[in-house]
2 protein chains.
Amino acid sequence: MSVTIKDVAKKAGVSPSTVSRVLSNHPRISRETSKKVRDIMEELGYHPNIMAKSLVSKTTNSICVILPKPAEELFNNLFFMELIRGIVTQANRSGYDVVLSSGANEKEEVEAVSRLLHGRRVDGAILLYSRHNDPVVEFLQTNQFPFVLVGRSDEYSGILSVDNDNVQAAYEATKHLISLGHQRIGFVSGPQNLIVSQDRLLGYRKALQDSNLEMRPEWIVEGEFLQESGYRAMSFFMNLPERPTALVVLDDVVSFGVLRGLHELGFKVPEDLSVVSFNNITLAELYTPPLTSVDIGIYQLGYTASQALIQLIQSDGDKQFLKRHIIPHRLIIRESSMFSLNNTR
Amino acid sequence: MSVTIKDVAKKAGVSPSTVSRVLSNHPRISRETSKKVRDIMEELGYHPNIMAKSLVSKTTNSICVILPKPAEELFNNLFFMELIRGIVTQANRSGYDVVLSSGANEKEEVEAVSRLLHGRRVDGAILLYSRHNDPVVEFLQTNQFPFVLVGRSDEYSGILSVDNDNVQAAYEATKHLISLGHQRIGFVSGPQNLIVSQDRLLGYRKALQDSNLEMRPEWIVEGEFLQESGYRAMSFFMNLPERPTALVVLDDVVSFGVLRGLHELGFKVPEDLSVVSFNNITLAELYTPPLTSVDIGIYQLGYTASQALIQLIQSDGDKQFLKRHIIPHRLIIRESSMFSLNNTR
DNA sequence: AAACTTATTTAAATCGTTTGCACAACCGAA
DNA sequence: TTCGGTTGTGCAAACGATTTAAATAAGTTT
């Protein structure tokens, strides 16, 4: 039996509406009434019931983060932790709570989101990386719920998104290898249906093309964001009759798999194979050897996503906020790619 | 303007209460009424308003996870990701949502929890690792809110907690080193105010004592759960006139710092220094060299915490559930400690 | 002193559910 | 026929806030 607005009102000798107005800093409340009511609130230990408030105001001051389907896979990645940290920090700063949501499959995902948004449990959603024809995106669009996509969205127009320029990032990463003298550069992709995979592949292709380098289909390997994928890709490449001398790998954890495998087989990095990676999670610097990686500002990505979503919600869906935010990236060069082939020729 | 229970009622030609009863599978609703109402719900796309429901039922079907104060530090650790994965998975399975909450300092933490629980936004809380005299624990206790502590709690009685037997785990880890022939074993602790640090230190001490090994105060170094701490500890130990030959390190990420530093200085692991660690995050296996680590069942820890809390909530605070759950641990031996000193003598 | 402002405060409706109680209809048994 | 017992449904009062419109008090003009 907790203390309600009525209890406060009675004790203070005013009406509930007055207490409510004190709470929301209504201008037409006299100094002394305000003081008196506040004192009583303090004395009774009053806390407004958020549910009741939400019911009438039709707003919950919370957002949900939808974890992508293969949560098992992605959760293993520091990447998501960092992203969520950015989201939670910003949301809390703006007075919003963050509800985590996931689903075993796409259907469950949509159900969860539907329950949260239709049920007015949250005001908006953050989607972490969308796929082509993502049913969740479709759901959110047709129902006109505010949401922000972390990742690209060019197939849908009028979507709020936060992303890197992944084409350019991959371009630079590849160019870096080329500038070191590499001519045979492989590519370890993430899942093909993720837009980020495609964008980075595009950048890689562009860089090779610009330098008139050969582009072999067998040098492009698809995988998941798992260490095993890296290991598998590595062993595939190293068994090729004509091996690449460098690899562009889409994720640090995958790169760790590559490096680990190379070490086991007695190959030297970067001498036998150079690696540039993406995401630059904190462990990248700490690995043996330290990993060259594109820092894509993960925390910033989450922080900005949260901020943009809340802005959209508070603007009541103003179209002007439905834009694409680009977070800058930066190539961090470390040992895994420090070796220049030119020097050894 | 979303569709409410009244809209469904009107269209179905029944009263709102009947619709509500259909929704909650009330026994005394006829088959045909139920079918009819359900069809209309489907047709109109009805979704119950969770806020309204919570208001009257005084229950929210959600719990919050309180991220410890130095979130910046801890978030960097795969450990938390794994823990949260366990929590979210179980909670969702039980029909609960998970709200993430954090605060920049202890005061903010208490405020956030107070808002969530007093404001009836969540039904209970999960605390990740408590400190001595944790103000959040105190708050939860005096207000009689259901909560579960991930970590030990023996100073407080009648608390629901989920934990490992950390004393025993550290004992085994240390014994493992001793069995390999090590006689000079150092200890890299976590923050001293964490109970987990103290428990493991105890286990380490006990193991040394049991084997009549020397216990030197300068071989015990306190740090944080950061790579830098490991690096610092390592350089401290290696500059000692009489170095330890093995280290017990409280966290994998800290161990990575140790290993990285050793590699930089040209020391060999495990020959020059063996390392056993705790937590066994996925990267432990993948590191160079692979890290011997005590697997404490992180996912299980989170899963169990969530399960126990929800059980407590649903039992309406039944004291019988206020017990301590112990999750089993297992020492995973890998290269960082595979070297036996006995063999080289 | 009446009339008119302006500054505060209150009463009452509302948000979308749940649920105790009342009631009607039907059943078989006395 | 009358009664006790089921079964199925509706009424209306909560739940704890916000908010519109109206009332009251206080201050200013004329």
Side-chain angles (χ1 to χ4, degrees), chain A residues 1-38 40-41 44-62 95 114-123, chain B residues 1-38 40-41 44-62 95 115-123 316:
Chain A
M1 188 65 72
S2 53
V3 31
T4 76
I5 208 170
K6 282 186 196 162
D7 302 327
V8 176
K10 193 184 292 174
K11 182 130 189 179
V14 297
S15 76
S17 13
T18 301
V19 177
S20 170
R21 293 208 167 87
V22 169
L23 228 46
S24 54
N25 291 312
H26 190 98
R28 294 223 298 243
I29 289 289
S30 69
R31 279 240 162 285
E32 46 185 342
T33 313
S34 173
K35 168 105 176 63
K36 184 176 60 188
V37 170
R38 275 180 206 287
I40 304 254
M41 291 195 314
L44 297 183
Y46 168 75
H47 290 265
N49 183 312
I50 307 183
M51 296 298 150
K53 186 168 174 170
S54 291
L55 182 57
V56 41
S57 70
K58 292 177 180 310
T59 165
T60 64
N61 273 47
S62 45
S114 168
R115 194 176 49 79
L116 288 171
L117 281 148
H118 269 137
R120 294 279 184 284
R121 173 70 231 267
V122 302
D123 299 336
Chain B
M1 189 65 74
S2 53
V3 30
T4 77
I5 210 171
K6 283 186 194 162
D7 301 326
V8 177
K10 192 183 292 174
K11 183 130 188 179
V14 297
S15 76
S17 13
T18 301
V19 177
S20 170
R21 291 198 173 96
V22 169
L23 228 46
S24 55
N25 291 313
H26 189 99
R28 296 219 301 236
I29 288 290
S30 71
R31 280 241 163 284
E32 46 184 342
T33 313
S34 174
K35 168 101 175 67
K36 183 175 61 185
V37 170
R38 277 179 204 288
I40 305 247
M41 291 195 315
L44 297 183
Y46 168 75
H47 290 265
N49 182 312
I50 304 183
M51 295 298 150
K53 185 169 177 168
S54 292
L55 181 56
V56 43
S57 70
K58 291 176 179 310
T59 166
T60 64
N61 272 50
S62 43
R115 196 177 47 79
L116 287 171
L117 281 148
H118 270 136
R120 294 276 184 285
R121 169 164 240 125
V122 302
D123 298 337
D316 207 24

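Keep in mind it's a predicted model, so treat the numbers as computed, not measured. Within every chain, numbering begins at 1; the chains are lettered A, B, ... in the order of the sequence lines, protein sequences first and strands thereafter.
Near DNA chain D, meaning a heavy atom under 4.0 Å away, the residues from residues 8-21 of chain B are B:Gly13, B:Val14, B:Ser15, B:Ser17, B:Thr18, B:Arg21.
Between B:Lys58 atom NZ and A:Ser2 atom OG the span is 6.0 Å, to the nearest 0.5 Å.
Looking at A:Ser57, its side chain does come within 3.5 Å of a backbone N or O of A:Lys53 through a donor-acceptor pair. Remark: side-chain polar atoms of A:Arg38 are paired, donor with acceptor, to backbone N or O of A:Val22 under 3.5 angstrom. A donor-acceptor pair is defined here as one N or O able to donate and one able to accept, closer than 3.5 Å; no such pair exists between the side chain of B:Asn49 and the backbone of A:Arg120. When atom types are taken as modelled, the side chain of B:Asp123 and the backbone of B:Thr59 share no donor-acceptor pair closer than 3.5 angstrom.
A:Ile29 places its CD1 atom 12 Å from the P atom of D:dT18, with the value rounded to the nearest Å. Atom NZ in A:Lys36 sits about 12 Å away from atom C1' in C:dT8, given to the nearest Å. In this structure, B:Arg28 places its CZ atom 14 Å from P of D:dG5, rounding to the nearest Å. The separation between B:His118 atom NE2 and D:dG16 atom P is 14 Å, rounded to whole Å. To the nearest angstrom, C1' of D:dG16 lies 15 Å from CZ of B:Arg121. As a whole-Å value, the separation of B:Arg120 CZ from D:dC15 C1' is 12 Å. Summarising the geometry, the separation between CG on B:Asn49 and C1' on D:dA17 is reported as 14 Å, rounded to the nearest angstrom. Taking atom CD1 of residue A:Ile5 and atom C1' of nucleotide C:dT14, one finds them 15 Å apart after rounding to whole Å.
OP1 or OP2 of C:dT17 has not a single side-chain nitrogen or oxygen of B:Lys6 nearer than 4.0 Å.
Counting non-hydrogen atoms under 4.0 angstrom, B:Leu55 reaches a base of the nucleic acid. Looking at heavy-atom distances under 4.0 Å, B:Ser24 makes no contact with the nucleic acid at all. Note on B:Ser54: nothing from the nucleic acid sits closer than 4.0 angstrom, heavy atoms only. As judged by a 4.0 angstrom heavy-atom cut-off over every strand, B:His47 is placed among residues touching the sugar-phosphate backbone only.
Counting non-hydrogen atoms of other residues, nucleotides and ligands closer than 6.0 Å to NZ of A:Lys36 gives a total above 12.
The B:Tyr46 side chain lies nearest to C:dT17 when the options are C:dT8, D:dT9, C:dT17. Listed nucleotides: C:dT9, C:dT18, D:dA17. Nearest to the side chain of B:Lys53: C:dT18.
No donor-acceptor contact under 3.5 angstrom links the side chains of B:Arg21 and B:Thr33, judged on distance only.
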